[in-house]
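Contents: one structure, followed by commentary.
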Amino acid sequence: MATPQSDPSLSPLKTIAVVGLGTMGTGITEVLAKAGREVIGIDVSEAQAARSVAALETSTARAVARGRLTEQERADALGRVRTGTDLTAAADADLVIEVVPESYDIKHQVLRELDGIVRPGTILATGTNALSVTRLAADSARPERVLGLHFFNPAPAMKLVEVVSSVLTAPGAVAAVTDLAIELGKEPVAVGDRPGFVADGLLFGYLNQAAAMYEAKYASREDIDAAMRLGCGLPMGPLALLDLIGIDTARTVLEAMYAESRDRLHAPAPILKQLSEAGLTGRKSGRGFYTYEAPGSATVVRDALTPLDGAAPTPGRTVRSVGVAGSGTMASGIAEVFAKAGYEVVLAARTEEKAQAAKARIGKSLDRSVGKGRMTAEAAAQTLDLIIPAGSYDAFAEVDLAVEAVAEDLEVKRQLFATFDKVCKPGAVLATTTSSLPVVACARATSRPQDVIGMHFFNPAPAMKLVEVVRTVLTAEDVHATVREVCTKIRKHAVDCGDRAGFIVNALLFPYLNNAIKMVEEHYASLDDIDAAMKLGGGYPMGPFELLDVVGLDVSLAIEKVLHREFRDPGLAPAPLLEHLVAAGCLGRKTGRGFREYARR
């Protein structure tokens with residue numbers, strides 16, 4: 001792949017006009033100028049054009065300070081940019097990229113005027129992420145030369161560029177802009193014309209569901225954002241991202257998506273309309289889901305919704321010893337977490353041998369930590385000594401907190417909680433680590449449902465910082481306070497949520513994964529292009545198909561079914577392709593084949 005300083009003679013697109021010099025237009029201008037293109041920046045506002053030039057001077061000076069450009073390269077790049085306020089300045093352009101506001105009327109007007117200005121061979125590219133490229137092209141005098149070229153913000157940093165073809169677009173035009181994108185150091189993905197394309201098509205449905213979750217008062221804005229950052233490794237939480245994108249922009253994209261799909265998951269959450277119409281559009285206005293120091297600032301300040309710091313209003317119960325039920329990866333990981341925090345841990349399984357094997361697994365994990373310099377050999381030995389393996393749950397008689405981490409099967413869990421009810425002392429907190437089953441069903445298997453709560457750890461438990469704390473309508477306040485205090489002591493970030501399918505993370509993650517599968521079913525984009533789009537355009541650590549194969553397609557299908565059954569939304573119905581792969585035994589990495597094939601170990 002060529003670097004941003006590629007020889008511009010490789011591409012016939014040497015002179016490029018950028019219409020609309022807001023944040024995106026300025027960013028695209030910078031990318032083009034640094035890559036050796038002559039750039040004509042055009043904006044109806046002379047003041048905005050001046051601000052754009054000032055922003056270019058600042059950003060390129062920053063690049064010099066960081067050693068990414070030399071002073072000569074900066075001077076050359078700035079020298080290749082000229083700005084104006086009249087579209088006639090684009091007359092000599094080989095390519096025009098419009099990034100004016102997301103309005104059919106405005107974009108139509110720009111493209112119609114350009115038809116009468118540019119040469120017959122000039123390519124006209126729209127930067128829309130929400131509107132129909134086909135509809136924009138159809139009104140052009142040269143529809144075969146109109147396509148979509150969707151950069152991501154900030155354009156200088158983001159590698160993804162979606163190249164959008166309509167049924168009218170000439171292959172030569174697509175090839176020319178694809179080659180240009182590669183020469184700019186970008187990674188182009190070819191997609192068809194539908195609202196949101198790939199990256200935004202998947203991203204905005206997820207953001208919309210997060211907004212609806214907040215609107216329903218299911219969880220706080222801080223907990224929703226922390227859950228997705230810590231549970232999925234995302235660079236930003238969804239509500240903070242909506243504020244960054246602009247709530248009005250998000251609403252426009254979702255309206256366009258819903259108009260085409262009629263999928264309720266794309267119907268904009270009412271809160272997006274309410275905030276938009278109140279002028280609370282996010283960072284740019286100084287207030288959206290959060291409140292900011294000033295319009296345009298990234299600094300969040302306290303407001304009436306910010307949680308108070310300090311002790312919980314209800315004191316928790318004393319926890320000195322913890323029982324962990326199970327012998328699998330999750331159970332041993334949770335036992336390791338508690339032992340590292342200094343708790344006495346009873347690790348119980350159905351047999352003594354299974355419990356001993358789980359303790360041995362913890363020993364190997366601790367050895368790896370020693371080898372990586374994360375703890376001393378003495379600390380590892382002391383931690384392991386705190387874990388007592390047991391072949392019977394009777395060993396939980398004196399624990400203060402019992403945590404189950406057995407199979408994700410409701411009947412198995414209910415039987416285990418009935419056992420806890422018999423063997424655990426009065427006042428012991430009883431916790432389930434379920435990721436998808438109703439916590440209240442476990443509680444009702446006991447005579448003390450007020451003592452039962454969900455503690456959803458994420459795998460691998462020693463590494464993942466998040467715990468979803470799930471209260472039922474029966475959970476006592478001091479039980480909730482106890483678990484919050486314990487999470488602090490084991491150095492986990494607790495988020496509160498209610499007892500409904502998927503809690504926070506899975507309820508937002510799995511519909512997104514399901515929608516990615518539907519894109520492949522519809523032959524809209526390939527696995528590789530979708531994975532690349534979400535990693536490069538959304539900042540996701542893994543693409544959806546990489547993640548599905550790691551999680552396991554059978555696990556994913558089970559969670560999708562639970563979500564569909566609880567929320568009764570047709571858009572949540574598992575994609576048939578997922579069901580077919582599971583039926584064929586293609587479960588992901590663990591079987592050597594899922595959406596992709598893997599080498600057998």
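Residue indices begin at 1 and follow the sequence shown.
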Flag, side chain of [X] to backbone of [Y], donor-acceptor distance under 3.5 Å:
X      : Y      : answer
Gln48  : Ser45  : no
Lys159 : Pro188 : no
Tyr214 : Gln209 : no
Glu255 : Thr252 : no
Asp225 : Leu239 : yes
Lys186 : Ala155 : yes
Arg145 : Gly121 : yes
Thr122 : Ala93  : yes

Of all heavy-atom pairs between [X] and [Y], which one has the smallest distance, and what is that distance?
X      : Y      : result
Met236 : Arg283 : CE-NH2, 3.8 Å
Leu536 : Glu187 : CD1-OE1, 3.5 Å
Ser140 : Asp115 : OG-OD1, 3.1 Å
Leu95  : Ala125 : CD1-CB, 4.0 Å
Thr26  : Ala55  : CG2-CB, 4.0 Å
Ile517 : Ala575 : CG2-CB, 3.6 Å

Reported [atom1]-to-[atom2] distance for the pair [X] and [Y], which is rounded to 0.5 angstrom:
X      : Y      : atom1 : atom2 : answer
Met257 : Phe197 : CE    : CZ    : 11.0 Å
Asn514 : Leu563 : CG    : CG    : 9.0 Å
Glu183 : Leu13  : CD    : CG    : 8.5 Å
Phe545 : Ile530 : CZ    : CD1   : 4.5 Å
Ser556 : Lys561 : OG    : NZ    : 12.0 Å
Ile42  : Leu114 : CD1   : CG    : 7.5 Å

Do [X] and [Y] have side chains that get closer than 4.5 Å, going by heavy atoms?
X      : Y      : result
Leu180 : Arg37  : yes
Val39  : Ile28  : no
Ile97  : Ile16  : yes
Leu124 : Leu147 : no
Val164 : Leu149 : no
Glu144 : Thr169 : no
Val161 : His150 : no
Phe510 : Val562 : no

Compute whether any side-chain donor of one residue and acceptor of the other, for [X] and [Y], lie under 3.5 angstrom apart.
X      : Y      : answer
Gln109 : Asp105 : no
Thr15  : Asp92  : no
Ser59  : Arg74  : no

Apply side chain to side chain contact (heavy atoms under 4.5 Å, CB included) to Asp200 and Phe152, showing your working. CA-CA 10 Å; Asp200 286 352; Phe152 286 74; 3.8 Å; yes
Distance-only donor-acceptor pairs under 3.5 Å for side chains of residues 265-278, two or more places apart:
unit_1: His266; atom_1: ND1; unit_2: Ser261; atom_2: OG; d: 2.8
unit_1: Ser276; atom_1: OG; unit_2: Leu272; atom_2: O; d: 2.7

Show the numbers, then the answer: is there a side-chain hydrogen bond (donor to acceptor under 3.5 Å, both in side chains) between Asp193 and Ser166? CA-CA 6 Å; Asp193 182 23; Ser166 79; 6.0 Å; no
Intermediate values then yes/no, side chain to side chain contact (heavy atoms under 4.5 Å, CB included), Asp139 and Leu111: CA-CA 8 Å; Asp139 284 351; Leu111 292 173; over 6 Å; no
Pairs touching residues 519-533 that satisfy side chain to side chain donor-acceptor pair (under 3.5 Å), sequence neighbours left out: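 Pairs touching residues 519-533 that pass the test: Arg194-Glu522, Asp528-Arg596, Asp531-Arg596.
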Residue pair Leu56, Leu78: steps toward the side chain to side chain contact (heavy atoms under 4.5 Å, CB included) verdict: CA-CA 8 Å; Leu56 285 171; Leu78 292 174; 4.1 Å; yes
Side chain to side chain contact (heavy atoms under 4.5 Å, CB included) between Glu546 and Phe595, intermediate numbers included: CA-CA 8 Å; Glu546 290 176 278; Phe595 283 97; over 6 Å; no
Could you tell me whether Asp303 and Arg221 make a salt bridge, using a distance below 4.0 angstrom between a side-chain N and a carboxylate O?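 Arg221 and Asp303: salt-bridged.
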Check the pair Arg119 / Asp94 against salt bridge (Lys or Arg N to Asp or Glu O under 4.0 Å), numbers first and verdict last. CA-CA 8 Å; Arg119 300 191 307 268; Asp94 304 307; 2.6 Å; yes
Would you please name every residue forming a side chain to side chain contact (heavy atoms under 4.5 Å, CB included) with Thr126, sequence neighbours left out?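 Side chain to side chain contact (heavy atoms under 4.5 Å, CB included) list for Thr126, sorted by chain: Glu98, Lys107, Thr128, Val133, Leu136.
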Among Thr88, Leu87, Val96, exactly one meets side-chain contact (heavy atoms from CB on, under 4.5 Å) together with Val118. Which residue is that?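 One option only clears the test, and that one is Val96.
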Residues Asp43, Thr83; criterion side-chain hydrogen bond (donor to acceptor under 3.5 Å, both in side chains); working and verdict: CA-CA 8 Å; Asp43 198 284; Thr83 62; over 6 Å; no
Lys NZ or Arg CZ of Arg500 over Tyr218 ring: under 6.0 Å, within 45°: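 Relative to the ring axis of Tyr218, which defines the angle, Arg500 lies inside both limits.
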Do Arg287's NZ or CZ and the ring of Tyr292 fall within the cation-pi criteria of under 6.0 Å and 45°?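 Output no; distance or angle outside limits.
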Apply side-chain hydrogen bond (donor to acceptor under 3.5 Å, both in side chains) to residues Asp248 and Thr281 and explain how you reach the verdict. CA-CA 6 Å; Asp248 51 342; Thr281 53; 4.7 Å; no
Which of parallel (below 30°), tilted (30 to 60°) and perpendicular (above 60°) describes Tyr206 and Tyr512?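 Tilted, since the angle between the ring planes falls between 30° and 60°.
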